[in-house]
Amino acid sequence: MYPLIRPLLFRFDAETTHHFTLNSIQQLHRAGLLARLYPPQAGKPATLMGLPLPNAVGLAAGLDKNGEYIDALAALGFGFIEVGTVTPRPQPGNPRPRLFRVPEHSAVINRMGFNNHGVDALIRNIQHSQYKGVLGINIGKNATTPIENAADDYLICLEKAYAHASYITVNISSPNTQNLRALQGEDELNALLGCLKDKQAHLAAQHGRYVPLAVKIAPDLDEAQISAVAEVAQQCEIDAVIATNTTIDKSALGSHPLAQEAGGLSGLPVQTQSHHVLQQLARQLDGRIPLIGVGGIMHGRDAAQKLALGAQAVQIYSGLIYRGPALIKECVRACAGLPV
Ligand SMILES: Cc1cc2nc3c(=O)[nH]c(=O)nc-3n(C[C@H](O)[C@H](O)[C@H](O)COP(=O)(O)O)c2cc1C
């Protein structure tokens with residue numbers, strides 16, 4: 001059905017369509033029609049950071065920033081869901097327009113800037129959801145918090161989100177929050193992850209439950225930087241690395257007019273870079289830390305390739321814009337080694 005309505009959806013501004021589509025999915029779910037349109041595909045169970053998944057295909061962060069659509073999205077057949085990025089205080093993000101489709105390249109550019117209703121609102125939404133599966137909460141810093149105080153924001157979010165998450169993702173790789181990516185530097189990362197791991201230990205004792213901590217990195221790191229991230233992740237005993245976020249390299253768009261837009265590029269053009277980062281991490285970490293592969297999954301075979309490169313699980317976002325919910329089923333089948 002999605003290929004039929006896509007031309008209509010693509011006539012509208014991308015952010016308007018985003019809200020319309022999610023609200024429609026929510027309505028269909030509430031009317032009991034979603035499962036009829038998209039019957040869930042039985043997949044191959046997987047384990048991620050010790051968490052059992054019905055299949056290895058997850059929803060990437062950023063699509064449901066406030067956790068408003070968890071039940072409807074879960075009904076589409078994802079093996080796990082990541083909500084956020086959420087910040088301590090609500091913030092509007094960057095001025096619109098800030099989301100652009102580039103259909104000629106099966107790509108998306110976004111400079112949303114962590115628009116979200118704040119961590120408290122996210123938690124209220126999670127409490128109202130019925131979802132019992134694996135739920136990741138992706139955390140970040142407010143735009144107005146100086147980068148030197150970034151750890152304070154992550155600590156606030158970690159503390160508030162802890163009891164409500166299956167795992168928590170530390171997002172240090174959005175290109176749309178000034179200087180955020182500097183937190184990927186070896187010293188900065190060591191300091192940040194060190195204090196988050198200390199807090200995690202306290203919270204685990206307090207709640208009697210260990211909630212794993214993942215870190216999400218950019219595709220724009222060079223070999224030495226990826227190597228440093230892998231070293232720090234091991235030293236700090238991080239529970240997973242998510243590779244990758246969007247890229248700031250728009251050269252794949254050539255002379256396309258949208259190549260001039262500020263923001264992160266996702267979809268097909270980020271696939272090679274994301275695969276490359278994943279592959280290097282897999283070689284260096286050699287199974288010691290689980291990896292989640294994300295970036296440029298447009299077909300089932302791309303998801304299977306990420307598993308072959310060393311990922312325990314995958315996540316998708318931009319592919320959904322181009323392929324619709326059928327992509328989830330295709331990825332679930334491909335990851336289970338079934339024909340697609
Ligand atoms: C509109 C948009 C918003 C995003 N927001 C976030 C976010 O808030 N936090 C985050 O960690 N990643 C965010 N991402 C990055 C995605 O989670 C994903 O890492 C990236 O898009 C690459 O995967 P894809 O090619 O399947 O889209 C966003 C991506 C898009 C397209």
Side-chain angles (χ1 to χ4, degrees), residues 13-19 21-22 57-67 78 80-87 91 93-94 96-102 105-117 119 122 136-143 154 157 167-177 180-181 183-184 214-220 240-249 252 261 263-275 277-278 292-299 302-303 305-306 311 313-323 327-328 331:
D13 152 76
E15 194 168 342
T16 305
T17 302
H18 170 87
H19 293 299
T21 310
L22 284 172
V57 182
L59 173 70
L63 191 134
D64 188 6
K65 289 182 188 272
N66 300 305
F78 285 109
F80 64 110
I81 303 250
E82 190 168 313
V83 293
T85 296
V86 75
T87 55
Q91 61 178 30
N94 289 318
R96 287 171 76 161
R98 53 192 177 177
L99 179 61
F100 307 89
R101 290 177 294 254
V102 196
H105 295 271
S106 302
V108 175
I109 296 172
N110 94 81
R111 50 168 180 271
M112 306 300 287
F114 290 168
N115 55 310
N116 78 100
H117 299 160
V119 64
L122 173 83
I137 301 182
N138 181 308
I139 61 174
K141 72 173 258 315
N142 278 111
Y154 288 97
C157 290
Y167 71 90
I168 289 175
T169 299
V170 182
N171 181 9
I172 47 168
S173 49
S174 166
N176 303 315
T177 294
L180 192 79
R181 286 184 167 198
L183 297 173
Q184 293 174 119
V215 64
K216 183 166 178 179
I217 64 169
D220 305 300
V241 180
I242 305 183
T244 66
N245 213 311
T246 57
T247 176
I248 50 169
D249 177 5
E261 292 291 346
L265 177 67
S266 56
L268 191 57
V270 79
Q271 188 190 87
T272 307
Q273 266 170 290
S274 292
H275 279 358
V277 175
L278 176 65
I292 301 175
V294 49
I297 295 179
M298 313 306 282
H299 296 278
D302 308 328
Q305 193 181 351
K306 290 206 192 275
V314 300
Q315 291 177 327
I316 52 182
Y317 188 157
S318 301
L320 293 169
I321 295 173
Y322 287 97
R323 301 280 322 281
L327 176 63
I328 304 162
C331 291

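In each ligand, atom 1 is the first atom listed, and ligand 1 is the first ligand listed. Computation of the quantities below employed the complete heavy-atom set of this structure, encompassing side-chain atoms and omitting hydrogens, waters and symmetry-equivalent molecules. Just so you know, residue 1 is the first one in the sequence shown, and it goes up from there.
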**Prompt:** Does the side chain of Glu82 pick up a donor-acceptor pair with the side chain of Thr169 at under 3.5 Å?
**Reply:**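 The answer is yes; a qualifying pair exists.
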Should [X] and [Y] count as side-chain neighbours, where that means a heavy-atom distance under 4.5 Å?
X	Y	value
Ile328	Ile316	yes
Arg323	His299	yes
Ile297	Cys331	yes
Arg181	Ile248	yes

For [atom], what is the closest protein heavy atom, and at what distance to 0.1 Å?
atom	result
atom 27 (O) of ligand 1	Ser318 OG, 2.6 Å
atom 15 (C) of ligand 1	Asn245 OD1, 3.4 Å
atom 22 (C) of ligand 1	Gly295 CA, 3.7 Å
atom 20 (C) of ligand 1	Thr246 CG2, 3.8 Å

**Message:** Could you walk me through whether Thr244 and Ser274 satisfy the side-chain hydrogen bond (donor to acceptor under 3.5 Å, both in side chains) test, starting with their C-alpha distance in whole Å, then the side-chain angles of each, then the deciding distance to 0.1 Å, before giving a yes or no?
**Reply:** CA-CA 6 Å; Thr244 66; Ser274 292; 2.6 Å; yes
Nitrogen or oxygen of [X] less than 3.5 angstrom from that of ligand 1:
X	result
Asn110	no
Lys65	yes
Ala61	yes
Tyr317	yes
Ala60	no

Which ligand 1 atoms, with their elements, are less than 4.0 angstrom from a heavy-atom of [X]?
X	result
Ser266	21 (O), 25 (O), 27 (O), 31 (C)
Gly267	25 (O)
Gly296	24 (P), 25 (O), 26 (O)
Lys216	10 (C), 11 (O), 12 (N), 15 (C), 16 (C), 17 (O), 18 (C), 19 (O)
Gly62	4 (C), 5 (N), 6 (C), 7 (C), 8 (O)
Leu99	1 (C)

Could you grab the distance from atom [atom1] of [X] to atom [atom2] of [Y], nearest 0.5 Å is fine?
X	Y	atom1	atom2	value
Asn171	Lys141	CG	NZ	11.5 Å
Leu265	Thr247	CG	OG1	6.5 Å
Leu122	Ile139	CG	CD1	11.0 Å

**Message:** Under 4.0 Å, counting heavy atoms only: does Ile321 come that close to any atom of ligand 1?
**Reply:**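 Contact absent.
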**Side-chain donor or acceptor of Gln91 paired with backbone N/O of Phe114 under 3.5 Å** =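 Checked: pair present.
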**Message:** Donor-acceptor pair, distance only, cut-off 3.5 Å: does the side chain of Arg111 make one with the backbone of Pro97?
**Reply:**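 Judged by distance alone, yes, a pair lies under 3.5 Å.
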**Request:** Name the option, out of Asn138, Val108, Ile292, Ile217, that contains the heavy atom nearest to atom 11 (O) of ligand 1.
**Result:**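 Going through Asn138, Val108, Ile292, Ile217 one by one, Asn138 has the nearest heavy atom to atom 11 (O) of ligand 1.
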**Request:** Answer with side chain, backbone, both or neither: which part of Thr85 has a heavy atom less than 4.0 angstrom from an atom of ligand 1?
**Result:**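 Thr85 to ligand 1: contacts from backbone and side chain alike.
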